[in-house]
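Each chain gets a letter, A, B and so on, in the order its sequence line appears, and its residues count up from 1. On a predicted model such as this, the values are computed, not experimentally measured, just so you know.
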Amino acid sequence: MMDALEKLIAIEEIKLVKARRCRAVDSKDWELYRACHTPDCKSYALGSDSDPIVGRDAMTASVEKSLIGKTTVHHVHMPEITLTSPVSAEGVWAMEDMLWWEHKGVEHWTHGYGHYHETYEKHDGQWLIASRKLIRTRVDNGTGARPDAMSAGQGA
Amino acid sequence: MMDALEKLIAIEEIKLVKARRCRAVDSKDWELYRACHTPDCKSYALGSDSDPIVGRDAMTASVEKSLIGKTTVHHVHMPEITLTSPVSAEGVWAMEDMLWWEHKGVEHWTHGYGHYHETYEKHDGQWLIASRKLIRTRVDNGTGARPDAMSAGQGA
Amino acid sequence: MMDALEKLIAIEEIKLVKARRCRAVDSKDWELYRACHTPDCKSYALGSDSDPIVGRDAMTASVEKSLIGKTTVHHVHMPEITLTSPVSAEGVWAMEDMLWWEHKGVEHWTHGYGHYHETYEKHDGQWLIASRKLIRTRVDNGTGARPDAMSAGQGA
C-alpha cells in the first residue's frame with residue numbers, strides 16, 4: 001500500500017512525464033518523447049474503436065513522421081490522476097492542440113480539443129505513459145493566412 | 001490545525017474536484033457536475049453584483065438548460081488554493097471557455113477569458129465547490145463558419 | 001537536503017508564485033507582479049541572445065509600460081519544476097498569451113505560444129522568480145474586429 005505522501009509523489013511524477021511528453025512533441029525532441037513511454041505503450045490516437053499503435057518505437061516513428069514540417073502546440077490541463085497500485089495509475093487530461101503547416105504555398109491549420117484517457121506504469125523507479133486514448137470534443141481545420149482573423153466581437 | 005502534508009492532500013483534492021467539474025460540463029455529465037458542488041453552493045455567474053444561483057440542484061438545472069445543443073470547452077489554469085481551515089478553502093483559477101452552437105443554420109460561437117474566484121468545503125470527507133464567481137477579462141462572440149480563419153500573420 | 005515532503009511543498013509554492021505572476025499581469029496589479037520576483041531577477045523576454053532586463057523594479061516598469069491600454073491573457077501550463085537546492089529551483093512551463101489593443105480606431109491583437117525557462121530562489125522563506133527566458137513556438141499578429149472569425153471547418 002502507498003501512504004498519502006507516496007501517492008502525492010507519484011501524482012507529481014506522472015504530471016511531470018506528461019509535461020515532458022507534450023514539450024517533446026512541440027520541440028520535436030523524439031528521444032525525449034520515446035523516453036516518456038513504456039516499451040509496449042499503446043496509443044489509440046483515434047479513439048478506442050481503432051487499432052492502437054503498439055510500442056514506443058512505433059509511436060515515436062509515427063508521430064515524428066506525421067509532424068514533419070509542422071509547427072505544433074499541445075497543451076494539457078486539469079489532470080485527474082488515480083493510483084491503481086504502487087506501480088500503476090490512470091489519468092484524464094483536458095487537451096488542446098494546434099498545428100500549422102504549409103502545402104503548395106498555402107498555410108493550413110488544425111485546432112482541436114478533447115480529453116486524453118491514459119494509464120501509467122512505474123518501470124525501474126520511473127513513471128511512464130503506458131497507454132493513451134484521445135476522445136475529441138471538436139476539431140476545426142482551415143487554410144490561409146488572414147492578418148485580420150481572431151479578433152472579433154464585443155471585447156470586454 | 002493541518003500539517004503540511006494534510007494541506008497538500010487537500011490542495012490536490014480541490015484541484016481534482018475542479019477538474020471533474022469542468023470535464024462534467026464539457027461531457028454533459030450532469031450527475032457528475034451536481035456531485036462536485038455542496039448542496040447550498042452559490043454561483044455568481046455574472047460577477048458578484050448579480051444575484052447568485054443558489055444550490056447545486058438549481059445550478060445543475062441552469063447549466064444543463066443553457067448548454068443544450070452546444071459544444072463546449074472549459075479549461076482552467078494556474079490554481080491558487082488557500083486553506084482557510086481543515087474543512088474550508090479559497091481558490092482562484094484562470095479560465096478560458098469556448099462554446100459553439102447552431103441557430104437557424106448558422107454557427108455561432110463565444111470565446112471568453114477570466115478568473116474563477118471560488119470557495120470549497122469538505123463534506124463527509126470530500127472536498128466540494130461551495131461558491132463560484134466568474135470575473136471576465138474578455139469575451140468575443142461571432143457567427144459563421146470560416147474555413148480560413150485563425151491562421152494569421154507572422155508565424156514563427 | 002530536502003526530503004520528499006519538503007520538495008512537494010516547494011514545488012506547490014513555486015507553482016503558486018507563477019500563478020500569481022500571470023494573474024498580476026492580466027489584472028495589471030503591478031505591486032503583486034513586483035512581489036513575485038527577486039530584487040535582481042533577470043528577464044530574457046526575447047530569448048537568451050538578447051540582453052536581459054535586470055531587477056524587478058525595471059521589469060515591473062517595463063511590463064507596465066508595454067501593456068498600457070492592452071487587454072491581456074497569459075496562461076501557463078504543464079510545469080516541470082526541479083529543485084536544485086533547498087533554496088533554488090528550475091522550471092519549464094508551456095505558455096500561451098493573447099493581447100488586444102486599439103490603435104487609431106483599429107483593434108490589433110497578438111496571439112503567441114512558447115515555453116518559459118525559469119529559475120526560482122527562496123528569499124526569507126518565500127519562493128520568488130529569479131530569472132525568466134521565453135522561447136517562442138509561434139506568434140500570430142493581426143488587426144480588425146471580425147464578428148465571424150474563429151469558427152471554422154469541420155466541427156466535431
Contact class of B/L8 relative to chain C, heavy atoms under 4.5 angstrom: side chain
Residue B/I81 versus chain C: region with a heavy atom under 4.5 Å: backbone
Heavy-atom distance under 4.5 Å to chain B: side chain of [X], backbone, both or neither?
X     : answer
C/H75 : both
C/V73 : side chain
C/T72 : backbone

If we only count heavy atoms from C-beta on, is the [X] to [Y] side-chain gap below 4.5 Å?
X     : Y      : answer
C/C41 : C/M59  : yes
B/R23 : B/L32  : yes
C/M98 : C/W109 : no

Test item: side-chain donor near acceptor, B/H37 and B/R132, under 3.5 Å: yes
Aromatic ring pairing C/W30/C/Y33, orientation class (parallel under 30°, perpendicular over 60°, tilted between): perpendicular
